[in-house]
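This report concerns only the one structure given below.
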Amino acid sequence: MSAEAYWLLKSEPDVFSYADLERVGTEPWNGVRNYQARNFLRAMQVGDRCLFYHSSTGRVGVAGVGRVVRAAYPDDLQFDPLSPYFDSKSTPEQPRWSMVDVAAVSALPRFVALEELRAVPELAQLRLLQKGNRLSVMPVRPEEFELIVALGGLHPEAL
DNA sequence: GCCAACGTTGGC
DNA sequence: GCCAACGTTGGC
């Protein structure tokens, strides 16, 4: 068994916010259509923690913490011709795209804005902050995760 | 296999 | 709405 890993998931809060995740409890993380992001989804294991990041909004930053509760399985939207995420090259025998299930763990008592992340020297290597980054799913180092969660007013060991 | 055109992401 | 950065597509 490998050690628990940490991730960052981007979501547009107008579409699906951290409050929405708390409301539904668990959400299938479908619709990812980038191979690099898909490969990260496939690397996720049950129990991995995720920073829930709000993007494309007036207040961008980390809003909460989630947990992977089901490892990668075929994304159902790729088979739905009516979905914008339909992929004609996918078949149930050879699915191209995957999703995981993510559950809410805790909202951050203090929202941690992107601007704030940029100002922390210890987070200079954070993948989210690298130039040109556009991935909606990306890995986070354990020490980065702990630092960000602490900035948000939570004790990492309590998660 | 190259590369221009186009589409998307996402901060500002 | 603008624009930088990146991914994908398709002609050759």
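In the text below, chain A, chain B and the rest are named by the order of the sequence lines, each starting its count at 1. What you see is a predicted model; the values in this text were computed from it and never measured.
Not counting sequence neighbours, E12(A) has no partner by the salt bridge (charged side-chain N to carboxylate O under 4.0 Å, His left out) test.
The minimum heavy-atom distance between Y53(A) and L8(A), with the atom names listed, is CB-CD2, 3.7 Å.
The interatomic distance linking Q36(A) (CD) with dC6(C) (P) rounds to 11 Å, in whole Å. We find that CG of L135(A) is positioned 8 Å from P of dG7(C), with the value rounded to whole Å. At whole-Å resolution of the value, CZ in R118(A) and C1' in dC12(B) are 10 Å apart. Atom-to-atom, CE of M138(A) to C1' of dA5(C) comes out at 14 Å; the value is rounded to the nearest Å. Separating the CD atom of Q130(A) from the P atom of dC6(C) is a distance of 11 Å, rounded to the nearest angstrom. The distance from atom CZ of R134(A) to atom P of dG7(C) is 6 Å, rounded to the nearest whole Å.
Comment: D75(A) does not engage R38(A) in a salt bridge, judged by the lack of any side-chain N to carboxylate O separation of less than 4.0 angstrom. The pair E122(A)-R141(A) does not count as a salt bridge, with every side-chain nitrogen at least 4.0 angstrom from each carboxylate oxygen.
Note: W29(A) and F52(A) meet the aromatic proximity criterion, with ring centroids under 6.0 Å apart.
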Without placing hydrogens or testing angles, list every side-chain donor-acceptor pair under 3.5 Å for residues 149-159 of chain A, not counting sequence neighbours.
none

Which pairs, protein N/O on one side and nucleotides 9-11 of chain C N/O on the other, fall under 3.5 Å?
none

